[in-house]
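A short write-up of the structure that comes next.
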There are 2 protein chains.
Amino acid sequence: MNENAAAAAGPTAAINPCGACPVRGLAVCGVLEPDELHALAEIVHEVQRVHRQSVIVEGDEAHNFFIVTGGVASVEKLLADGRRQVVGFLYPSDFFGLAIDGCYAYSVTAVTNLSLCRFERQRYLALIDRFPKLEHRLLGMASNELAASQEQMLVLGRKTAREKVASFLSMLSERSRRLGRPPSPVWIPMTRGDIGDYIGLTTETTSRKFTQLRKEGLIAVLPDAMIELLDPAELKRIADGG
Amino acid sequence: MNENAAAAAGPTAAINPCGACPVRGLAVCGVLEPDELHALAEIVHEVQRVHRQSVIVEGDEAHNFFIVTGGVASVEKLLADGRRQVVGFLYPSDFFGLAIDGCYAYSVTAVTNLSLCRFERQRYLALIDRFPKLEHRLLGMASNELAASQEQMLVLGRKTAREKVASFLSMLSERSRRLGRPPSPVWIPMTRGDIGDYIGLTTETTSRKFTQLRKEGLIAVLPDAMIELLDPAELKRIADGG
DNA sequence: TTATCAATTTGATACAGATCATAGGACATA
DNA sequence: TATGTCCTATGATCTGTATCAAATTGATAA
């Protein structure tokens with residue numbers, strides 16, 4: 001069962017798309033070996049959130065470490081007057097909650113119904129001690145994350161609205177392909193507002209650019225929040241600044 | 001000798017601000033223990049670059065890993081038509097050159113005259129094997145870097161020109177304070193163009209906002225590329241959208 | 001000293017995207 | 001069936017920043 005099907009099938013299915021196994025997300029991501037997985041399973045707490053509920057809040061004390069096992073969440077930072085920057089979206093097997101000082105540096109909110117594995121910070125740290133190789137892979141994942149952030153800075157700082165939307169669609173398509181799924185159609189469960197807050201546009205401009213790409217025949221909007229990329233190469237060309 | 005003095009004293013001093021020791025940057029950053037430092041010293045190559053010279057180029061094969069020991073460099077990504085996004089600035093003790101696949105994901109260019117320690121990738125990887133704790137600290141540094149990137153996304157995506165410039169100045173001041181130096185004045189060796197490409201503005205708008213802050217009595221421009229923060233608290237308030 | 005070149009500043013104007021306003025559709029609840 | 005809420009789409013207008021242009025300053029070299 002893929003993430004699309006999980007969401008399309010409604011709340012119950014979306015909350016736990018993989019049945020009884022709370023650590024499926026861990027297995028899926030290929031990061032863990034059997035003994036590590038077993039050790040993790042002993043200290044895990046299963047958690048669920050519905051659409052728009054928050055999981056952690058920026059500034060709160062960081063007591064927990066999470067892994068997404070079903071659904072999609074947004075990672076966001078807020079300014080005092082309500083302006084919001086989404087710094088990323090989390091999918092099954094993604095983790096979050098590592099805090100530098102004792103507090104979370106961002107909030108995490110459920111974009112769809114969401115299921116998670118929660119680990120108490122102390123017990124997680126003890127586990128890292130037992131399995132030092134975990135850290136090696138965490139560094140690899142952090143490096144990937146860092147490279148993605150830098151790419152996103154280029155999008156936010158230097159691309160036009162049209163290029164931003166094309167970048168967003170190309171990125172999701174590429175991600176889908178990397179996971180061994182078809183690069184199109186892609187599942188876009190987040191709202192135009194969420195996307196706008198991710199790529200630095202308003203809801204209205206984001207909507208207008210989607211419409212523009214649709215009228216040009218570059219994308220098609222399908223039911224169930226699916227978007228078909230009718231000309232992925234051209235979208236990539238637009239995303240890269242023509 | 002601090003970084004300001006190194007630059008102010010001219011090219012020769014700037015290239016090697018600490019005399020004969022090529023690994024001073026490593027010692028300074030507090031990341032290494034004596035035996036690790038000793039092992040590193042054996043495989044290090046000293047490298048220098050002058051103002052505006054490039055160190056690595058986005059897309060090149062990643063054969064080397066670097067640590068800055070003197071001067072300042074910019075990390076940047078380019079679009080085909082020349083648009084540039086500076087994703088960060090590097091100071092003594094900062095490292096770069098870790099590539100996910102085999103190629104660099106960004107270019108690094110000297111902002112001032114620059115001295116570096118270069119390590120061949122293979123030998124560096126062998127060292128990591130010998131000193132696993134190195135990896136623990138690299139993860140810590142990568143986490144910090146990631147948090148900084150997310151903060152920068154908020155700046156790029158959601159702040160006004162005025163807030164962007166105030167954020168930039170506050171950040172440098174805070175960094176200076178964290179390193180145990182006075183929070184003002186701060187050394188700004190990069191041009192208005194470099195700063196603009198970092199915070200997502202043009203040279204002209206960046207210059208205008210500096211002028212505006214100066215006329216409001218919030219900053220003063222001193223000789224030798226020093227900027228005094230006359231009201232750090234108010235600048236921070238502006239930066240935070242207050 | 002004068003010439004050269006890069007960086008900064010300032011002014012005038014243009015425009016991409018924000019803001020404000022409205023309407024329709026999907027979906028949940030009463 | 002009615003009612004409310006959220007999301008998307010789209011039109012009209014406004015504005016912050018980009019763009020284009022030119023003068024000024026400062027550093028380096030001849």
Side-chain angles (χ1 to χ4, degrees), chain A residues 7-8 10-11 14 50-53 74 81-84 109-113 155-166 188-197 199-215 219-227 238 241-242, chain B residues 7-12 14 50-53 74 81-85 109-113 155-165 188-197 199-215 219-227 241:
Chain A
V50 299
H51 186 59
R52 294 286 139 189
Q53 253 186 328
S74 61
D81 62 4
R83 276 174 286 172
R84 180 176 72 139
T109 305
V111 165
T112 65
N113 291 326
V155 172
L156 288 167
R158 288 298 178 228
K159 292 194 182 179
T160 65
R162 178 180 171 81
E163 290 163 358
K164 284 175 173 183
V165 171
I188 315 265
M190 54 293 277
T191 67
R192 298 288 180 266
D194 291 332
I195 298 169
D197 283 341
I199 58 182
L201 298 174
T202 57
T203 302
E204 295 93 325
T205 300
T206 306
S207 174
R208 277 185 241 273
K209 294 302 163 182
F210 266 90
T211 301
Q212 186 187 28
L213 293 176
R214 186 169 45 72
K215 286 186 174 163
I219 62 171
V221 178
L222 309 180
D224 292 319
M226 303 295 287
I227 302 261
I238 294 169
Chain B
T12 309
V50 299
H51 186 58
R52 295 286 138 189
Q53 253 187 327
S74 61
D81 63 3
R83 276 175 285 173
R84 179 177 73 139
Q85 179 64 41
T109 305
V111 165
T112 64
N113 291 326
V155 171
L156 288 168
R158 286 298 177 231
K159 292 193 183 180
T160 65
R162 178 179 169 81
E163 290 163 357
K164 284 175 173 182
V165 171
I188 316 265
M190 55 292 277
T191 67
R192 298 288 179 267
D194 292 331
I195 298 169
D197 284 341
I199 58 183
L201 298 175
T202 58
T203 302
E204 296 92 325
T205 300
T206 305
S207 173
R208 277 185 240 275
K209 295 302 162 182
F210 266 91
T211 302
Q212 187 186 27
L213 293 176
R214 186 168 45 74
K215 286 186 174 162
I219 61 172
V221 178
L222 309 179
D224 292 318
M226 304 294 288
I227 302 259

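To find a chain, count down the sequence lines: A is the first, B the second, and so on, and within it residues start at 1.
In terms of the side chain to side chain contact (heavy atoms under 4.5 Å, CB included) criterion, residue partners of Ala161(B) (sequence neighbours excluded) are, by chain and number, Leu201(B), Thr205(B), Lys209(B). With sequence neighbours excluded, no residue forms a side chain to side chain donor-acceptor pair (under 3.5 Å) with Ser207(A). Residues passing the side chain to side chain contact (heavy atoms under 4.5 Å, CB included) test with Thr203(A) are Arg192(A), sequence neighbours excluded. The salt bridge (charged side-chain N to carboxylate O under 4.0 Å, His left out) check on Arg52(A) picks up Asp194(A), with sequence neighbours excluded. By the side chain to side chain donor-acceptor pair (under 3.5 Å) test, Arg83(A) is found to be paired with Asp81(A), Glu163(B), residues two or more places apart in sequence or in another chain being considered.
Atom CD1 in Ile195(A) sits roughly 12 Å away from atom P in dC7(D) (whole-Å rounding). Here the C1' atom of nucleotide dT17(D) and the CD1 atom of Ile199(B) are 12 Å apart, to the nearest Å. Rounded to whole Å, atom P of dT17(D) lies 6 Å from atom NZ of Lys209(B). Regarding Arg192(A), its CZ atom lies at a distance of 5 Å from the P atom of dT8(D), rounded to whole Å. Asp224(A) places its CG atom 17 Å from the C1' atom of dT8(D), with the value rounded to the nearest Å. With rounding to whole Å, Gln212(A) atom CD is found 13 Å from dG11(D) atom P. Between Phe210(B) atom CZ and dT17(D) atom P the separation is 15 Å, expressed in whole Å.
Taking the 5' to 3' direction, DNA chain C first and last meets chain A under 4.0 angstrom from a heavy atom at dG17(C) to dC20(C).
If one axis is set at each end of the helix from dT1(C)-dA30(D) to dA30(C)-dT1(D) from five pairs, those axes are 40° apart, to 10°.
Applying the 4.0 Å criterion to OP1 and OP2 of dG16(D), one finds that Thr160(B) has every side-chain N and O outside that range.
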Got a list of protein N/O to nucleotides 19-25 of chain D N/O distances below 3.5 Å?
residue: dT19(D); atom: O4; partner: Arg208(B); partner atom: NH2; Å: 3.0
residue: dC20(D); atom: N4; partner: Glu204(B); partner atom: OE2; Å: 3.1

Pairs under 3.5 Å (N/O, protein and nucleotides 28-30 of chain D):
none

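Taking every heavy atom of both residues into account, Ile238(A) and Ala166(A) meet most closely at CG2-CB, 3.7 Å. Taking all atoms of both residues into account, the shortest heavy-atom contact from Thr112(A) to Pro189(A) is CG2-CB, 3.5 Å. For the pair Ile227(A) and Phe210(A), the tightest heavy-atom approach, listed with the atom from each and the gap, is CD1-CE2, 3.9 Å. Between Ser74(A) and Arg84(A), the closest heavy-atom pair is OG-NH1, 4.4 Å. Considering all non-hydrogen atoms of both residues, Gly200(A) and Arg158(B) come closest at C-NH1, 3.7 Å. Between Arg214(B) and Val221(B), the shortest heavy-atom distance links the atoms CD-CG2, 3.9 Å.
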request  = List the steps and the verdict of side-chain contact (heavy atoms from CB on, under 4.5 Å) for Lys164(B) and Thr206(B).
outcome  = CA-CA 9 Å; Lys164(B) 284 175 173 182; Thr206(B) 305; over 6 Å; no
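Within the nucleic acid shown, Ser207(B) comes within 4.0 Å of at least one base atom, counting heavy atoms only. Residue-level contact check: Thr191(B) touches the backbone only, with heavy atoms under 4.0 Å from sugar-phosphate atoms and none from bases. As judged by a 4.0 angstrom heavy-atom cut-off over every strand, Gly196(A) is placed among residues making no nucleic acid contact.
Put simply, CG on Asp224(B) and CD1 on Ile188(B) are 13.0 Å apart, with the number rounded to the nearest 0.5 Å.
Taking 4.5 Å as the limit, every side-chain heavy atom of Gln85(B) sits out of range of all side-chain heavy atoms of Val155(A).
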